[in-house]
> 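This is the structure I have questions about; it appears just below.
Numbering starts at 1 and runs along the sequence shown.
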Amino acid sequence: MPDTPAATPRARVRVPQHFPDGYRADAELVTFDGLVDGREHIAVVLGEPGPVPLVRLHSECLTGDVFGSARCDCGPQLREAAERISERGGVLLYLRQEGRGIGLYNKLDAYALQDQGLDTYEANAALGLPEDARDYTAAAQMLRALGIGELDLLSNNPDKAGQLRDLGIAVRDRVPTGVFTTDHNVRYLRAKVLQTQHTLPLPELTAG
């Protein structure tokens, strides 16, 4: 387990949430001091977390989370996570890792290459960028600062669970998210299954 410095909660603020479909939740947003990457990640505490809370590591996606892009499934996953975590009790870590860590501009450059026929991973490689540049050390720091050492992880991505375990966080179970297909993201979702072993039902990933 890497020896990483401890982070500490910096501020906590209550924020009522109102989603476009009418769903409402009451959240506590927590900021932190001492995160190793220096980024402004936040924890969204929902419901009443128990000894083994439900946790999602959600990487920022401006296009999907804010602008409703149908080229990915990030927006629907964020909305789903808010409700499922509220019901169970837990935390959503909103991590500033746009485009699997490559940044917004590079992600849009990769979109242009995808329009020419490359999949999401091939497009990153063509730009000289890693398939996935995300590191979850700061996430582990945030969890420890919140007193969380064991959790159930809401994710289809085995790398998230693997990195957390390597960082000393006990992942009891990996809970799959829903499948949110559109005519525009089917190739993207299939690539996640084939390239990085996301636990999505491959036969269902067809355009509807």
Side-chain angles (χ1 to χ4, degrees), residues 7 9-32 40-70 72-97 134 136 138-165 167-182 185 189 192-193 197-201 204-205 208:
R10 174 181 172 275
R12 298 173 182 262
V13 60
R14 304 300 303 190
V15 175
Q17 295 177 305
H18 186 190
F19 290 85
D21 64 359
Y23 178 72
R24 296 172 183 265
D26 186 32
E28 181 184 50
L29 271 56
V30 185
T31 60
F32 298 87
E40 294 185 333
H41 309 298
I42 61 169
V44 184
V45 182
L46 296 157
E48 298 294 333
V52 184
L54 184 62
V55 171
R56 174 163 176 78
L57 312 185
H58 188 90
S59 296
E60 178 182 42
C61 177
L62 181 71
T63 51
D65 297 342
V66 177
F67 296 126
S69 169
C72 64
D73 58 345
C74 302
Q77 283 187 328
L78 181 63
R79 163 63 182 83
E80 175 198 36
E83 184 168 1
R84 292 178 69 176
I85 296 174
S86 292
E87 291 173 351
R88 161 85 176 268
V91 181
L92 184 147
L93 299 187
Y94 197 81
L95 305 172
R96 311 304 296 274
Q97 299 176 330
R134 290 175 293 183
Y136 298 106
Q141 289 181 290
M142 295 163 74
L143 292 168
R144 287 198 185 89
L146 294 172
I148 298 171
E150 182 178 13
L151 55 84
D152 288 339
L153 185 65
L154 182 61
S155 178
N156 298 322
N157 184 352
D159 182 56
K160 291 181 179 179
Q163 285 201 42
L164 285 181
R165 289 184 176 120
L167 290 160
I169 302 295
V171 179
R172 184 179 70 176
D173 190 22
R174 185 159 58 87
V175 181
T177 71
V179 180
F180 305 102
T181 57
T182 72
N185 73 10
L189 296 178
K192 291 207 292 188
V193 174
Q197 290 74 56
H198 280 59
T199 50
L200 290 162
E204 295 182 20
L205 297 182

> Calculate, to the nearest 0.5 Å, the distance between atoms CG and CG belonging to Leu57 and Leu143 respectively.
7.0 Å
> Search all heavy atoms of His41 against all heavy atoms of Phe32 and return the closest pair with its distance.
O-CD1, 4.2 Å
> Which heavy atom in Ser155 sits nearest to a heavy atom in Arg174, and how many Å separate them?
O-CG, 3.2 Å
> Who pairs with Asp65 by salt bridge (Lys or Arg N to Asp or Glu O under 4.0 Å), at least two apart in sequence or on another chain?
none
> Taking only residues two or more places apart in sequence or in another chain, which ones pass side chain to side chain contact (heavy atoms under 4.5 Å, CB included) with Ala7?
Leu35, Gln141
> Does any non-hydrogen side-chain atom of Met142 lie less than 4.5 Å from one of Val91?
no
> Would you check if Val55 and Leu164 make a side-chain contact, meaning some heavy-atom pair closer than 4.5 Å?
no
> Could you tell me which residues satisfy side chain to side chain donor-acceptor pair (under 3.5 Å) with Ser86, sequence neighbours excluded, listed by chain and number?
none
> List the residues meeting salt bridge (Lys or Arg N to Asp or Glu O under 4.0 Å) with Glu83, not counting sequence neighbours, and say none if there are none.
Arg79
> For Glu150, what residues pass the salt bridge (Lys or Arg N to Asp or Glu O under 4.0 Å) criterion, not counting sequence neighbours?
none
> Measure the spacing between CG of Leu151 and CG of Leu146 and express it to the nearest 0.5 Å.
11.0 Å
> Output, in order, the C-alpha distance, side-chain angles, deciding distance and verdict of side-chain contact (heavy atoms from CB on, under 4.5 Å) for Arg56 and Leu78.
CA-CA 9 Å; Arg56 174 163 176 78; Leu78 181 63; over 6 Å; no
> Atom CG of Leu93 and atom OG of Ser59: how far apart are they, to the nearest 0.5 Å?
10.0 Å
> Not counting sequence neighbours, list each pair that qualifies as a ring-ring contact (aromatic ring centres under 6.0 Å, His included) and has a residue in residues 139-165.
none
> List in chain and number order the residues that pass side chain to side chain contact (heavy atoms under 4.5 Å, CB included) with Val175, two or more places apart in sequence or in another chain; answer none if no residue qualifies.
Leu54, Arg84, Asp152, Leu154, Asp173
> Looking only at heavy atoms, what is the nearest atom pair of Ala82 and Tyr23, with distance?
O-OH, 3.9 Å
> Residues two or more places apart in sequence or in another chain: which of them pass ring pair (Phe, Tyr, Trp, His ring centres under 6.0 Å) with His58?
Tyr94
> Arg24: what forms a salt bridge (Lys or Arg N to Asp or Glu O under 4.0 Å) with it, not counting sequence neighbours?
none
> With no hydrogens and no angle check, just 3.5 Å: does a side-chain donor-acceptor pair link Arg134 and Gln163?
no
> Nearest heavy-atom pair of Ile85 and Gly90: which atoms, and what distance?
CG2-C, 3.3 Å
> Return the set of residues passing side chain to side chain contact (heavy atoms under 4.5 Å, CB included) with Ala27 (not counting sequence neighbours), or none when no residue passes.
Gln17, Leu29, Val44, Leu46
> What are the two closest non-hydrogen atoms of Val171 and Arg165, and how far apart are they?
O-NH2, 2.9 Å
> Tell me every residue that passes side chain to side chain contact (heavy atoms under 4.5 Å, CB included) with Asp26, counting only those two or more places apart in sequence or in another chain.
Arg14
